[in-house]
Amino acid sequence: LDEALIFEVGTRETTGVDLPDVPDVRMRLGGTERNKPIDLPGLAEPEVVRHFTRLSRMNYAIDMGVFPLGSCTMKHNPRLNEKVARLPGFADIHPLQPVGTVQGAIELIDTLAFWLKTLCGMPEVAMSPKAGAHGELCGMLAIRAAHEAKGDARKRVLVPESAHGTNPATAAFCGYDVDSIPATPQGRVDLAALKAKLGPDVAGVMITNPNTCGLFESELKDISDAVHAAGGYVYCDGANFNAIVGKVRPGDLGVDAMHINLHKTFSTPHGGGGPGSGPVVFSAALAPYAPLPFVRKGDEGYELVEEEQVAAGSHKGSFGRMVAFHGQMGMFVRALSYMMSHGADGLRQVAEDAVLNANYVLRQLEDDMTAPFAESGPCMHEALFSDEWLDGTGITTLDIAKAMIDEGYHPMTMYFPLVVHGAMLVEPTETESKANLDAFIDTMRALARAAKAGEVERFHEAPFYAPLRRLDETAAARKPKLTWSEPEVAKAAE
Amino acid sequence: LDEALIFEVGTRETTGVDLPDVPDVRMRLGGTERNKPIDLPGLAEPEVVRHFTRLSRMNYAIDMGVFPLGSCTMKHNPRLNEKVARLPGFADIHPLQPVGTVQGAIELIDTLAFWLKTLCGMPEVAMSPKAGAHGELCGMLAIRAAHEAKGDARKRVLVPESAHGTNPATAAFCGYDVDSIPATPQGRVDLAALKAKLGPDVAGVMITNPNTCGLFESELKDISDAVHAAGGYVYCDGANFNAIVGKVRPGDLGVDAMHINLHKTFSTPHGGGGPGSGPVVFSAALAPYAPLPFVRKGDEGYELVEEEQVAAGSHKGSFGRMVAFHGQMGMFVRALSYMMSHGADGLRQVAEDAVLNANYVLRQLEDDMTAPFAESGPCMHEALFSDEWLDGTGITTLDIAKAMIDEGYHPMTMYFPLVVHGAMLVEPTETESKANLDAFIDTMRALARAAKAGEVERFHEAPFYAPLRRLDETAAARKPKLTWSEPEVAKAAE
Amino acid sequence: MRYLPLTDTDRQQMLSAIGAADIDTLFADVPESVRLDGPVRELPPHASEMAVERDLGRMARKNLTASDAPFFLGCGAYKHHVPASVDHLIQRGEFLTSYTPYQPEIAQGTLQYLFEFQTQVARLTGMDVANASMYDGSTACVEAIFMARRITRRKRALISGGVHPHYVSVAKTLTHFTDDVLDVHTPVLRPGAPGDDLDALIAAIDEDTSCVVVQNPNLFGHVADLGALASACHEKGALLIAVVTEIVSLGAVRSPGEMGADIVVGEGQSIGGGLNFGGPYLGLFACNQKHIRQIPGRLCGETVDASGKRGFVLTLSTREQHIRREKATSNICTNSGLMALAFTIHMSLLGEAGIRKLAALNHARACQVADRLGALPGVTVLNDTFFNEFTIRLDREARPVIRHLADKGVLGGVALGRLYADDGDIENCVTLAVTETVTDSDIDALVAAYEGALSC
Amino acid sequence: MRYLPLTDTDRQQMLSAIGAADIDTLFADVPESVRLDGPVRELPPHASEMAVERDLGRMARKNLTASDAPFFLGCGAYKHHVPASVDHLIQRGEFLTSYTPYQPEIAQGTLQYLFEFQTQVARLTGMDVANASMYDGSTACVEAIFMARRITRRKRALISGGVHPHYVSVAKTLTHFTDDVLDVHTPVLRPGAPGDDLDALIAAIDEDTSCVVVQNPNLFGHVADLGALASACHEKGALLIAVVTEIVSLGAVRSPGEMGADIVVGEGQSIGGGLNFGGPYLGLFACNQKHIRQIPGRLCGETVDASGKRGFVLTLSTREQHIRREKATSNICTNSGLMALAFTIHMSLLGEAGIRKLAALNHARACQVADRLGALPGVTVLNDTFFNEFTIRLDREARPVIRHLADKGVLGGVALGRLYADDGDIENCVTLAVTETVTDSDIDALVAAYEGALSC
C-alpha cells in the first residue's frame, strides 16, 4: 500500500498541537511580519502517528535482522542508552548555561574522554567533531596547524587507494594535494611505495586500520616511524576500530590522530543516516593544536576552555572551533553507557567476537564466492569478496545485493573498496549469534549456486518482496525533483 | 517469514541480563531449594529485541489504520499519556508506602474521581475495578449489598437480550437468576415487557446505554422510574459512554451504578487485550455500599480508607475489597491526562464527532448493506448492519470480515449483538478523519458490490494478504495445545 | 483539539450528507430535559500538552519514589530492575494499540507472545498449562477457589493465615453471595516460621473441603515445603492452590508444581512490571492439563492456517462469557495483555541462567539485611527461612516507626498494622523485602534509620 | 555480556570450523609487541544495567535542568515544547536502527520523510529546495560560504557582526587553510537595533565579494528586512546567505527567500529537538533550484520503481565524497537523519496553523518579558524590534549577575561575555529568549531575581 505525502493529505487549517491563547501585546516585529502563507500542511495527531508508523514499516533496520553492511558496523543499539540519553539532566540543559549548573554534564564528557584516551593509548582527545568525516577534518586541521606552527608549509598528503572517499575529500578540503599509495597484492599498504613517496613536502599520511579490505595493517608501526622520520604525521581513519578495541592501542602504533565513530564502535544508533559523532584522539605531538572547546579540571570543579579562556591565554595553540557548542552530547551519553556496560573485558570481547564472526563468514563462503585476500591471513571484522565468481553469469554485485533483500537481509556494502572489482564487503559485527550467521551463510551459498546455475531473472529483477521494486536512480538525477509541488492538474482546477 | 518461538532458539546458558555477583552468605531457604532446571530459554538482548519487534509487525493496530471494532471504541492513544504514566512519581511508588509519601498519587486518584463523578452527575465512584466486567461485578455487588442491608433478598435481574455477555455472566456470578427482556422491533428495550416483569423479587436491571444496537435508550428515565418504584436498582453498562460523554449525565437518567471503561471512552491503550480499568459511579442510594479502598480528604492531606479504617468505624457499609491495592493507577494517569487534554469542551466534542462519524458511515452504506435499525432514528457512535444483504450470495459476515483484512482494515465486530442476524457492528470513533471514512466507505461499497456480483473466492479464501491465511480454530479447540513442548523427534534424538 | 481530525468544514459536509440540520439532530433520542446545553461547567476547558504535563508533573513530584529512597517494601508488590528494552518494546504501537486478538490472521504478534507467556508460566510454576493472564494475583486467587469448587463440587475452601490479607479480603467479598464457604485461618507469628500453619491446615481438611489455599513464600516471607500438605489434600480429594506473590522466588525455590499443587496462582508484577502504586499488575494462573476446560480467562492455543502453517488462536472460548453468557466459567473478559508481554520479554532476556542468578542475588541480599537488622537492639527477626522477604518484631508499635523512617527518607518496610487492622501482636511487626536493586549504602541507611528510630 | 550472543561453545565451534587454534590466531597480524594481553587495566569491568543507570543518573542529577528553573537562554539553542508523539515515533526501531538509505527498496520510510523534510524546509525558508540536513547550523553556514565561492568563483565573504560568534569561529577555522577570505564585522550594539550593520555591509560589497552572511533574527534578537541588502548583493553579483538560528521565527517573520536570500542556512533544533547541551542538532540548508548541483550534503529525490510506482532515492550523489573523492563539494558523509525526522514529525503536527500560533505566542511572551525587565532600574532593553529574543544592558558586568541568578535557581539569559571574550561594552549585556514554555510565574521569578541582583 502506498503512503501519501503529508502534503497530499494535510490541510492548512488542521493542527495536531494545542497551544495556549496568545496574549494581546504591542507587537515588535518592525515590519517584517509574514504576509503570505507558508503553505505547510497540518494533520491531527492520530494521522501523524499513523503516517510515520506506516513509513517506518517500509524500512529495514538492525532491530529486524542481520545488517551486514561492511565498514558501517551495524550492531545492536541497546535501549538502555536511549533511556539514559533522555535523562533530563543530560537532555534538558542548555549549552550556554553557567558552568556551575552543568558540572555533571561536563563530568560525563570528561569521563568519556578518559575512556577514549585510555583505549587508544593517546594523551588527548577532541570531543566536538560531529561525525567521522568531521573528525577526519579535525585531525587533518591539527596536522596542518602543527606544520604551520613550525613554519613548515607542506603540501602533500598520502592516501592509500583503498581509503574511504572522505579521506581524500578531507585532505583536499584542507588544501592538500592528495597522492595515492598503491596496495600490495595482499591488500595492504605498499610500505616500499609509501617510503618512496615520503619527502619534505609530505604533511602526513591517512591510513585506515584495519583497512577497508578487512585487513590489519601489520606494518603500521613501520609506516609511522618512516613518516615521523620524514617530518610528517600519521592520521588513522578509525572507522574500523571495532575490530581492535581492547586488543591493541593505536597510540602504540605511532598514530598521531584518529577519529572514532561513536556510532560504529560504540553503538550510538545510525538513525537513518545520522547524527554521528567523531571524537579525535591525539598524540602528544598534535595535542597542543586540538580544537575548542576543552574540558579542564579546576579547583572549583570542571571548567570549559572556550574562546574566552583562549583569549586569556589558555590553550593558545588550538586551531579553533569546529562547531557551535560542545559536540554531540546525546551521543556521548549513549556511547559512555555502552562502554560502561561492556567494561574493559567486554570491549575486548567485542573485538574478538566481531573478528571471529567475520572470519567464520569468510571461511564458510570462500569456496562459493571469491575472497581475493583469503591468503593474506585472517580478516578483521569484515569479510571482503570480489565479483570474480560471477564472471560469465551476467549477474552483478548489485543484483546479488538486491536478491539478498528478497531473502530478508539488508545487502552488504557494494562496490567498495574500489581496489577490488565488484566488491562485496560483509561485516556481521559481534552482536550476531552463530545461528544467525549460519542462516546467512546458507542463504548466500544458495544465492551463489543459483547465480552460477543461471537463474538470472531471480537476480536481474530483484527485489520482488520489498515495499518497492528496483528504483530508477538515473531518472532521479537527470531531472531532480527534491521537493513536492502540487500536480499541475490540481493547480489548474483551483 | 515465520518467527520461531523463543523455546526453539534460546538456550539455558544464554542470558540477556547482566547482574552483579552474588554475595556469599549462609542461605536460608530451609530445604526448598530448586533442584531441577526450570527449562527456560534465554536470549541475548539483540535477539530479544528482534524477536519481539518482528512479532509486533504481525499485528494490526490503531497506529496503523482504521480499527472499526464496534463496542470496543478503538480510538487514538496519545503518547503524552504514556509519557506521564511513566513519571517516576506515579510509576515508581509502592501501594503500601506510608500515605504521607504518596499524597500526589492519591490526589491524582481523587482528581480523576471528581472528573468521573462530574461527567456522570453521580455522587460517588469506586476506582478499584480492574476492567469493565470487574466494574459490572462491583456494581451488582453493591446492588446486592444494598438489598441485603434492607433484609430484602431479591433473586432476579432483568437483562436485555442485546446485552454484552458479561452482563448475564456477572449477574449469575452474584447469585442472581437472569431474566431476559426482549427488544422492540426498533432495537430498544421493550418498556412494557420490562414493566411486566418487574416485581418484588427483581433486584434490578442491567441496561446498556447507548445500547449494543448503537441506539440511545430514549426511555431509560422511564425504565429507571419503574424499577425504582418496584424497589430495584438500575445498573447501566457504560461501555458506550463515548457516545454521550458531555452530552447527557447518566445520573440524570436515574442510573444507580455504571462502570466506565477507561480504555474505551478515555483512551487508555487496549494493549492487545488489557490491562483495562473499570471505575464505577454510584447514585446516593448505592454509595454507602461501595467497595474499599476509598480516598478521603482529611486535615493533614489525603487519606486512604482501607480495612483498618473500616474496622475503626469508617465506611461501615462497604461490601469489601475487590482487588489488592488501589486499582489500575497506570490507567488512571493516562485517563486523567486524556480528560484534561480534552477538557469539558473537548469531551463533548468527542461524543459529537463519534456520533457524527457513525451516522455518516451508516447513511453512506445503508443502500449497499442492510441497516436493520436505520429507521429507528440516528445511531449513536456505532453503525449496525445485518447480513440480510448477503442472502443468496453464499458469503457470510465472517467472509466479509476476512476480506476487509485484505483491504488493509481491521474487521468490524462480527456476530454481535445477537439480536441481529450475522451482525456487523462498525464503530469508527471520533479520531478518524473524513478522508479515512470516505476511503473506508468506498472499500465497503466495493466489497458489497463484489459480494453481490458473486466473486465468492475473494471472500471464502480471504485473507490473502495477511501474515497468515485463515486459521483453524476448531482444530485448536479439539486438541488444545496451550504450551510449547519439544517435538518428539528432537527429544528422541537426545 | 489535537486528537480530533474533523474540521468544521468536514462536520458541515457530513451533516448535510446525512441530511441532518445540526449535530443535536443526531442526539434527538436523548430527551431534551436531560440533554446538556454546553460543556459541563464544573470542569476546565481543553489544555495543551505542556499544561497537562505541568499539572500532572506537579502531582507526581509530591510522591517519594522508590528510587529516591532506600527502599524495602514488599508484601505483594516488588521493586525489581526492568531492562530498558522491555519498556521500549511494549510501547511499539503494534502491541500497545492493538485489541484482543479476535482476528488471528492480523494478531499473530499478540497470540505468539501469549503462547510463549503461557509456556514460561507453566514451566516456572511447574504446571502443565497456564492461561493468558488475569487482572492480578488477588483476583486470580479467588478464581482458583471457584474453579476448585467446580472441579470438586465441594464448597469449603481452607485459607492459610499466611495468605496476603488483601487476597483474603477479595475472596471474602466475591464469595459473599455465592455458595462458597471460606475457612480463613488467623495468622500465627510463630517464631522461626511466621504464618506457617501447614499442620493446622492438614488437620482441618475434611470431605467437604474443595481446596486449601496457601501462599509460598507467605506474607511474612516464610518459605516451606508444601509436599505434605499436597498429599493430605489429595488424600481427601481436595485441591491444593498455591499462591506466589513474588514470582522471582521460583528461580531459587522448588516450584509449587513440584511440591504437588493442583492450581498455582500468582502475581507476575516482579517480572517486567513496575510498582505503579498497585496496578496494572499481572495475574498468573496455571494448572494441570486435565482441568483445562475449567480454567477461567483467556487461553491461546496452537493451530494451523489454511496453507498448513503454524499459527495461534484464542481457544476454548466456549468457557467464556461472550459465548456462554450466564453459564460462563467467569465473567472475566480482559486479561493483562501488555503486562504479560512485558513479563515474556523480561523472562526471555533472563532465561534460565538469569532468573536463577536474579533469585540467588535477591536471597543473598535479604540474608545480609536480616543479619544486620537482627543485630540491632529492639529488633527480632522472626524468620528462620525466607526468600527475599522476612518479618521483624520491634519493641514498640511499628507504624509510627515506619512513618518516622519515611520522614527521614527511608522506606523501611511494610508495618503489618497497615494490613491487619485489629491484631495486637502483629502491630509491632514489619515485613521487609530486599531485591537486587538494593545497594550497600541503602542497607547502611536502613540500619542507621532503624537504630535511630528505636533508640529514642 | 548481555549484548553478545556468542556462547563459549559457539566460539569453540567456530574457531575449529575455521581452523584456528584460539582467538589470538585471528589477531596474528597485530604485532605481538603491541598486542594487549588482557583487558585494559585502567578501566572497570562490565556493569549491569542497574549500575550504569545509577552512575549516569548520578551525573545527570548534578545539572540544573531547563525545566527545573525559570529558563530564558537562547543564542542559538532554544527550549520549546516537543509533543510526546515525536519522541515516541523517532524511537521506532525501523527508524532509529536503520542506516543511510543506500538501498532504497528497503528504506522508503527514511527516504519519504527526507523528501517531506526537504519540502517543509524549502517552504519555511521561502526557497526552492533544501538538502536532507547537515550536522548543525554552524557547519551549514560555512558550507554555504564555500558554495558561494564555487558559484561566484570569488573568495571574499562579508560576515555581519550579528552572526552567532560560534558560527563565525567555525567559519574562521574552516577557511583558515582554504583560499577563502573572511571579512567579519565587529558587532555594534546600536540602541534600538543591536547588531544591525546592514548599511555597513551594503557599503562593503565589492566585485570580489562572493557572499554576504547575515543572521535574522540576529544574535542579539534584532529582526530586520533584508530586502535592500539582497538587492545590493545581486547588483554586485554576490550571493546573500541568510542564517536563521531560531527557525520558529519563520512562523511570524517573512522568510529570507521572500526577502531575496540566495542561500538560507539554519539551526532546526527548535522544531522536534531538545536542548541536549548543544548536540545533536539539525543543520538546515536551502537554496534556489539553479544551484542544486553545488549543494553540499545529501539530497533525496523523487523517482519511480520498475513497476512505475512513485518512490524516493538519494540523488545527485556525483557531488559527494564517496563518488568524487577529493573533488567532492564537501567531505560530509552524514546528515542529522533522526533530528530531521523529529523536525518533520513536529512540523507535520504543527502545520501552518500551529507554527504561526506558536510563533505568535513566542513573540507575545517575549514582548511581555521585555516590558517587565525594561521597567527595572539598572536595565535597558536595547531592541526596538525582535522575535522571541532580545538584549538588555545592565548597569554592571553581566556574568556575575547571571551566575548569581543561577545560584537562586533562575537561568536568566546568556551573558554576552560568555560569547565575546574581549569586548568592554558587551560584557554588561545579556540576551534573553522567551518561548511558549515560559509561565507567568517564571516571569515573576525572573523579574524578582534581576531586581534582587541589581539592587545589591
Side-chain angles (χ1 to χ4, degrees), chain A residues 12 15-17 25 30 40 42 52 55-56 58-63 87-89 92 94-95 98 101 104 130-131 133 165 168-170 172 175 178 216 218 252 271-276 308 311 320-321 324-325 328-329 343-346 363 378 433-434 466 468-469 471 476 481-484, chain D residues 5 10 18 26 29 34 39-40 43 45-46 59-60 62-65 73 89 92-94 97-98 100 104-106 108-110 119 129 135 138 166 169 173 177 277-280 301-303 305-306 315 321-322 325-326 328 331 333-335 337-338 349 351-354 364 367 385 406 421:
Chain A
R12 278 192 212 156
T15 180
V17 172
V25 299
L40 283 174
F52 290 98
L55 277 186
S56 77
M58 298 179 185
N59 274 1
Y60 191 91
I62 312 165
D63 276 6
L87 290 172
D92 193 27
H94 190 284
T101 66
K130 292 257 175 185
T170 300
V178 176
F216 191 84
S218 44
D252 295 338
E308 182 190 21
R321 175 180 285 277
F325 313 126
Q328 306 284 58
M329 182 68 176
D345 53 337
R363 297 307 165 194
S433 67
K434 177 168 180 296
L468 285 184
R469 301 294 302 278
L471 285 144
K481 187 174 174 198
L482 307 182
T483 54
W484 185 84
Chain D
D10 292 334
I18 62 184
L26 301 181
D29 288 327
V34 294
V40 175
L43 299 173
H46 70 275
M59 291 185 206
K62 288 186 190 168
N63 305 317
L64 176 61
T65 75
L73 274 68
L89 288 164
R92 281 185 60 85
E94 294 93 328
T97 76
S98 65
T100 305
E105 297 85 359
I106 47 173
Q108 285 298 304
T110 297
T119 308
V129 296
Y135 303 142
S138 68
H166 282 182
S169 291
T173 299
F177 301 115
F277 201 50
E302 185 180 318
T303 187
D305 81 350
T315 193
Q321 46 72 29
H322 63 280
R325 300 178 77 85
E326 61 267 30
N331 82 328
C333 164
T334 306
N335 68 349
L338 208 63
L349 284 164
E352 179 95 19
C367 290
T385 71

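Throughout, protein chains are lettered first and strands after them, A, B, ... in sequence-line order, and every chain is numbered starting at 1.
Most heavy-atom pairs under 4.5 Å with chain D: of the set A:Leu471, A:Thr170, A:Val25, this distinction falls to A:Leu471. With chain D as partner, the option from A:Gly273, A:Ala131, A:Gly343, A:Gly274 having the largest number of non-hydrogen pairs under 4.5 angstrom is A:Gly273. Ranked by heavy-atom pairs under 4.5 Å with chain A, the first of D:Leu89, D:Ile18, D:Leu26, D:Val34 is D:Leu26. Per-residue counts of heavy-atom pairs under 4.5 Å with chain D were compared for A:Leu55, A:Ile62, A:Asp92; the largest is that of A:Asp92. Here A:Ala476 is the residue among A:Ala476, A:Gly175, A:Pro88 with the most heavy-atom pairs under 4.5 Å with chain D. Between chain A and the residues D:Pro280, D:Ala406, D:Gly354, D:Gly301, the most heavy-atom pairs under 4.5 angstrom are made by D:Pro280. Contacts with chain A were tallied for D:Leu64, D:Asp10, D:Val40, D:Ile106; D:Ile106 has the most, counting heavy-atom pairs under 4.5 Å. With respect to chain D, the highest number of heavy-atom pairs below 4.5 Å among A:Gly272, A:Gly320, A:Ala324 belongs to A:Gly272. Contact tally against chain D (heavy-atom pairs below 4.5 Å) for A:Gly346, A:Ser218, A:Pro98, A:Ala344: the top residue is A:Ala344. With chain A as the partner, the residue from D:Thr385, D:Thr110, D:Thr119 showing the most heavy-atom pairs under 4.5 Å is D:Thr119. Listed options D:Lys62, D:Gln108, D:His46, D:Arg92 were ranked by heavy-atom pairs under 4.5 angstrom with chain A; first place goes to D:His46.
Both the backbone and the side chain of A:Val17 have a heavy atom closer than 4.5 Å to some heavy atom of chain D. Within the 4.5 angstrom heavy-atom criterion, atoms from both the backbone and the side chain of D:Thr65 approach chain A. Only the side chain of A:Leu87 comes within contact range of chain D, judged by heavy atoms closer than 4.5 Å.
Closest approach of D:Leu338 and A:Pro275 over heavy atoms only: CB-CD, 3.8 Å. Residues A:Asp63 and D:Gly93 share a closest heavy-atom pair of OD2-CA, 3.2 Å. Taking all atoms of both residues into account, the shortest heavy-atom contact from A:Ala466 to D:Glu105 is CB-O, 3.8 Å. Of all the heavy atoms in A:Arg321 and D:Thr173, the pair that sits closest is O-OG1, 2.7 Å. Shown here for A:Thr483 and D:Val129, the closest heavy-atom pair between the two residues is CG2-CA, 4.0 Å. Across every non-hydrogen atom of D:Thr97 and A:Ala61, the tightest pair is OG1-CB, 3.2 Å.
Looking only at distances, no side-chain donor or acceptor of A:Gln328 sits under 3.5 Å from a matching main-chain atom of D:Gly279. At distances below 3.5 Å, not a single donor-acceptor pair connects side-chain atoms of A:Thr15 with backbone N or O atoms of D:Gly351. At least one donor-acceptor pair under 3.5 Å links the side chain of A:Asn59 to the backbone N or O of D:Glu94. Side chain of A:Asp345 to main chain of D:Pro39: no donor-acceptor pair is present (N/O by atom type, distance under 3.5 Å, no hydrogens or angles).
Atom CZ of D:Phe277 and atom CE of A:Met329 lie 6.0 Å apart (nearest 0.5 Å). Between atom NZ of residue A:Lys481 and atom CD of residue D:Glu302 there is a gap of 4.0 Å, rounded to the nearest 0.5 Å.
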